[in-house]
There are 2 protein chains.
Amino acid sequence: METIKDIARICGVGVSTVSRAINNHPDINPETKEMIMQVIKEHNYIPNNSARNLKRSESKAIAVLVKGITNPFFNDMIGIIEQETQRKKYSFILQRVEENENELDVAIQLVKEKKLKGIIFLGGIITHSSENFAQLDVPFVLSTSDIVNEEDNKAPLWSSVSVDDFAESYKMTDYLCKAGHRKIAIIAATKGDESIGKLRLEGYLKALGNNNIRPDKSIILHMEENKDSYSMETGYRLMKKLLKERDKFTAVYAIADSLAVGACRAITETGAVIPRDCSVAGFDGLEIGTYYNPSLTTIRQPVEELAKVTIDLLFNIIRKNGQHKKVVLPGELLVRESTREI
Amino acid sequence: METIKDIARICGVGVSTVSRAINNHPDINPETKEMIMQVIKEHNYIPNNSARNLKRSESKAIAVLVKGITNPFFNDMIGIIEQETQRKKYSFILQRVEENENELDVAIQLVKEKKLKGIIFLGGIITHSSENFAQLDVPFVLSTSDIVNEEDNKAPLWSSVSVDDFAESYKMTDYLCKAGHRKIAIIAATKGDESIGKLRLEGYLKALGNNNIRPDKSIILHMEENKDSYSMETGYRLMKKLLKERDKFTAVYAIADSLAVGACRAITETGAVIPRDCSVAGFDGLEIGTYYNPSLTTIRQPVEELAKVTIDLLFNIIRKNGQHKKVVLPGELLVRESTREI
DNA sequence: TTGTATGCGTTATCAG
DNA sequence: CTGATAACGCATACAA
């Protein structure tokens, strides 16, 4: 593999001139530049990124860290963020982080390595203390998740944008109640969940309370730690279990569309018809909800807006045009075929 | 941000000693090592990866390049590959490449930057000439896709593992024919497709021919270039169009499960019942096919095996334990609820 | 407009 | 076992 030196030698110029050619520097003779670029192309020379990053004090790049790429919900967001980033002439790095990995460490390392200007966290992150965040010395925004900040009065150290999971979950549950359901089962996250799973469960409980319904523990299903994920299979399996207590509920609310789909299947397999015999509702607004049969009543998260706000927020900070802030976007209750009044 | 020098100074040792501590070198006093690690922890020192990559002549790492992260089919494969990679004490880099980006360039650059030992391409890649591949000087395997190699006699320059898209597609179509269908519509890729889309269409045509059925162009639907993707929405829209010629077909074969789901929805919305009024089949074996209503007849690609073989192949070459070879794995015809005999 | 020389943070070599 | 020091490939200040 050749280096910039080789190219310089071949071209009969100094390395800096080659460097200038590569990096679109203004002060270089157009002819020499063209000649150099020609040679570069012929020799398939590719600058070594490590060396560049090492030398450069800054770069125009941001990164998105996604926890568990499995969530199809993020795909659209990533697409939009990437597009928007490129429109701003920044380069975009997508970094996946393992479920058990510490995204903060990954972030800090990445910032060092790539000299990032900012970071976006997609999902995860909730369990970290603000002390840990202090080490991250570039602006960042938590998208689709936030940690509860005890000190609301102070100027926040980061931005966040998400829907109000508690309120939206309340909205869905309340809709079911108002539709006449009084026995509403829920497929929830793990018992120890401290993130959106918890919020959505709390919204459910609150709505029940306000509708004078006492929660029935036997129809509150939890995912199992280290075993279940937000998958159709999980929804299916938990629903199967629940179906043994068939007379205990008239509606099922799954805190994610993927779970809801699995639940639907389990119900349908018993010969029951949705929503005639049982209503089913989800959360997220995944594409499958539109095309599933029956189409799925759900809370749609405003994906495009979520992404747009996220990227705008970040660039505002980067360009010193604004402060960090917490943005909450409204979700949308989509009543479709899978639920009915009773 | 502190560097290795700072740490050395603080510890009162030389940089090389710190380096030894970091990199688990054998020849270092355990006590000094522990002391150094302590200081490192306290100061949150993180080595600069760029500098490391620059200096190191090699690293134990491989990368997976995925074209268009959108395909849920790849998620499982990635998971398995990653797991397997870590078991072999290699680090794993997942790199997404844009739909319009040249994955080969990305690969070459990445190899340089990270000193990779090998590469796995997931999807894409088909349109490149073997000349282009010559620049890639580490072993690589094409997973889930391959380019037709004119010179089969020579020892291949890379490995590939995939199902036989032509044969599997033939299998599905033939099944439909044998089930009594003679008017089988297909939702295919773009007209100019040169990859799996083409193979699957050809398998369909061949099967029709062998069953003495003349292809009917009016029920061969193509995705539109630069507009459609393998999404439910595309399947839905194309199916809507096709439904105007309702009497022209008794079955629909979509070359991807995602398309099939959209098609199912379009059919169901007309009030027709699947499979009573129309059979629908897909391809891939996505999770949704199991939980969709009706569950989807499809060709299941052996995801786990695909992934395992891929990673094994790569490591065999890396460790000089084997030659490059082309592996074709059998798909599995899963007859479920969405199709019936007529 | 161009070339030379320096240093980015690490690892590896070699001498202690 | 440890410490100086020379690369790694590039960008840039400075000199020409």
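Sequence lines set the chain letters: A, B, ... in the order given, protein chains first and strands last, and positions in each chain run from 1.
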Take the protein atom [atom1] of [X] and the nucleotide atom [atom2] of [N], then report the distance between them rounded to whole Å.
{"X": "A/E31", "N": "C/dT1", "atom1": "CD", "atom2": "P", "result": "11 Å"}
{"X": "B/K115", "N": "C/dA12", "atom1": "NZ", "atom2": "P", "result": "11 Å"}
{"X": "B/H25", "N": "C/dC14", "atom1": "NE2", "atom2": "P", "result": "14 Å"}

To the nearest 10°, give me the bend of the helix from C/dT1-D/dA16 to C/dG16-D/dC1, comparing the axes of its five terminal pairs at either end.
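It works out to 40° between the end axes.
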Quick one: are [X] and [Y] in side-chain contact, heavy atoms under 4.5 Å?
{"X": "A/R96", "Y": "B/I78", "result": "yes"}
{"X": "B/N48", "Y": "B/T3", "result": "no"}
{"X": "B/I22", "Y": "B/Y45", "result": "yes"}
{"X": "B/P139", "Y": "B/L314", "result": "yes"}
{"X": "A/K67", "Y": "A/L65", "result": "no"}

Side chain to side chain donor-acceptor pair (under 3.5 Å) contacts touching residues 11-22 of chain B (sequence neighbours left out)
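Of all non-adjacent pairs touching residues 11-22 of chain B, those that pass side chain to side chain donor-acceptor pair (under 3.5 Å) are B/S19-B/N23.
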Provide the full list of side chain to side chain donor-acceptor pair (under 3.5 Å) pairs with a residue in residues 25-37 of chain B, sequence neighbours left out, each pair given once.
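Listed by first then second residue: nothing to list.
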Quick one: how far along DNA chain D does chain B reach, first to last nucleotide 5' to 3', anything under 4.0 Å to a heavy atom?
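Span of nucleotides near chain B: D/dC1 to D/dG9.
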Find the distance between CD (A/E82) and CD1 (A/I93) and round it off to the nearest 0.5 Å.
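Going from the CD atom of A/E82 to the CD1 atom of A/I93 covers 11.0 Å.
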Rounded to the nearest 0.5 Å, how far apart are CD1 of A/I317 and CZ of A/F140?
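CZ of A/F140 is found 11.0 Å from CD1 of A/I317.
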Strictly under 3.5 Å: I want the nitrogen or oxygen pairs between protein and nucleotides 7-10 of chain C, one per line.
{"residue": "C/dG7", "atom": "N2", "partner": "A/K55", "partner atom": "NZ", "Å": "3.0"}
{"residue": "C/dG7", "atom": "N3", "partner": "A/K55", "partner atom": "NZ", "Å": "3.2"}
{"residue": "C/dT10", "atom": "OP1", "partner": "B/Y45", "partner atom": "OH", "Å": "2.6"}
{"residue": "C/dT10", "atom": "OP1", "partner": "B/N48", "partner atom": "N", "Å": "2.8"}
{"residue": "C/dT10", "atom": "OP2", "partner": "B/I4", "partner atom": "N", "Å": "2.5"}
{"residue": "C/dT10", "atom": "OP2", "partner": "B/Y45", "partner atom": "OH", "Å": "3.3"}
{"residue": "C/dT10", "atom": "O5'", "partner": "B/Y45", "partner atom": "OH", "Å": "3.3"}

If you pin A/S57 and B/G14 to their nearest nucleotides in DNA chain D, which one's is more 5'?
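It is B/G14, whose closest nucleotide lies nearer the 5' terminus.
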Both B/D27 and A/V18 contact DNA chain D. Which one's nearest nucleotide lies toward the 5' end?
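Upstream on the strand: B/D27.
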What do the steps show when you test B/E305 against B/K308 for salt bridge (Lys or Arg N to Asp or Glu O under 4.0 Å), and what is the final call?
CA-CA 5 Å; B/E305 212 182 339; B/K308 284 250 172 62; over 6 Å; no
Would you mind writing out the side-chain donor-acceptor pairs for residues 111-121 of chain B within the sub-3.5 Å range, not counting sequence neighbours?
{"residue": "B/K112", "atom": "NZ", "partner": "A/I46", "partner atom": "O", "Å": "2.4"}
{"residue": "B/E113", "atom": "OE1", "partner": "A/N49", "partner atom": "ND2", "Å": "3.2"}
{"residue": "B/E113", "atom": "OE2", "partner": "A/K114", "partner atom": "NZ", "Å": "3.0"}
{"residue": "B/K114", "atom": "NZ", "partner": "A/E113", "partner atom": "OE2", "Å": "3.1"}
{"residue": "B/K115", "atom": "NZ", "partner": "B/N53", "partner atom": "O", "Å": "2.5"}
{"residue": "B/K115", "atom": "NZ", "partner": "B/R56", "partner atom": "O", "Å": "3.3"}
{"residue": "B/K117", "atom": "NZ", "partner": "B/S59", "partner atom": "O", "Å": "3.4"}

